[in-house]
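A quick write-up on the structure given underneath.
Each chain gets a letter, A, B and so on, in the order its sequence line appears, and its residues count up from 1.
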Protein chains: 2
Amino acid sequence: MRVLTNRASAVPALAEAFREHGFEGASLAVLSKATGLGKGSLYNFFPGGKEEMMEAVLADIDHWFCEKIFLPLERANDPATAISSMFEYVTAYFRSGRRVCLLGCLTLNTAGVEFAVIVKEYFARWISALSHCLEVGKVSRDFTRQLAEETVSGIQGAIVLARALDDDATFNRVLRRQHSALIDAITA
Amino acid sequence: MRVLTNRASAVPALAEAFREHGFEGASLAVLSKATGLGKGSLYNFFPGGKEEMMEAVLADIDHWFCEKIFLPLERANDPATAISSMFEYVTAYFRSGRRVCLLGCLTLNTAGVEFAVIVKEYFARWISALSHCLEVGKVSRDFTRQLAEETVSGIQGAIVLARALDDDATFNRVLRRQHSALIDAITA
DNA sequence: ACAAGATTGTACTGATCGGTAAATGTATGT
DNA sequence: ACATACATTTACCGATCAGTACAATCTTGT
């Protein structure tokens, strides 16, 4: 009765395909090649088609971010190391900007409207988690939200810019400065 | 012998369609509806198909940015007002983040690889123009490029975030802070 | 008025799209 | 061994894709 043995293992490949081609651009032929599964197998695991595949991918991403980013920020009693850890994970996750933020991409054209609430909650939680962490770090409440917004926004922008310039040094530079801006805010 | 009367006038509509649907998502049916031109007319004006349409759109955008943003920054003898003017134009142009940056979008999936060099030059020029303007403003040369990178990157991120949260106040807030960061750097 | 050229609408191509159906294959519990 | 449930392959569906061909229409200079 081994169920779902492969559905979960197909998700990372689907994620990479969606990242590379976008939701519309990732045709079933592409997804089939990316996963090594035939069209029939994909529909066996994801009867809802591309939409269900994307939902599974988004759930997987959300799970990762909750574990590695959101919860540590929300539960931090040492804000500085929590924030440093966040930047380390983020830099590695987005491969210095070579890897796209799937959630960010979905915001940019009409193909992603069906996932708008998922995307909104993802960014809202990231901002509020970081904001809370800064508050624990004794940053004035007038600035926590603004700093958090700026950081999350800045990460998205760094991905765009790094890809545009085809230079991951840009990504690392921008993130390093954002990192130290937050640390400065805490220790000030 | 009136030639090209309508080609130029179709470009803004094409631009809006590409913004909304992306390059792949903007089918000829969509482009036809957006411009009010039949498929035959579109191919009459743009024999190269979608790719030529996108190139025309990008050339149009580049022209606008050169005139309104890049040249004023490059020729500024009053850096503070040049920068303020840039932020005004940018906020209006991107409609507080409701309007997407077409050049930024093209970086995020494989659909835009054919336009990679155009996109790269656009961002490179923006950064170097802003960087030069800061230098005129007596900002230390160690920081001009970093500040410029951060600003251009931050604008892209603000668009993503504003759309994700469906809240243009976020966009305005992030840009306002970036604006004052640059002004502070100049007058310091 | 008339001819030349620019513009448009319509119909078509072959390819690919997302999705479905059914037949076949494979594993497992009894 | 056998039945059952899951997995995969293959073939197929109608719709839509980008692009082409061409006839019909409209502009414009003379």
I'd like to compare against my own output: the B/S/- annotation of nucleotides 8-27 of chain C with a strict under-4.0 Å heavy-atom distance to protein. BB-------SBBB-------
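Among residues two or more places apart in sequence or in another chain, the salt bridge (charged side-chain N to carboxylate O under 4.0 Å, His left out) test is passed with A:E88 by none. In this structure, the ring-ring contact (aromatic ring centres under 6.0 Å, His included) partners of A:F115, at least two apart in sequence or on a different chain, are A:F23. With sequence neighbours left out, the salt bridge (charged side-chain N to carboxylate O under 4.0 Å, His left out) criterion links A:R177 to B:E150. Applying the salt bridge (charged side-chain N to carboxylate O under 4.0 Å, His left out) criterion to B:E52, with sequence neighbours excluded, gives B:R7. With sequence neighbours left out, B:H132 forms a ring-ring contact (aromatic ring centres under 6.0 Å, His included) with no residue at all.
Here the C1' atom of nucleotide D:dA18 and the CZ atom of B:F46 are 16 Å apart, to the nearest Å.
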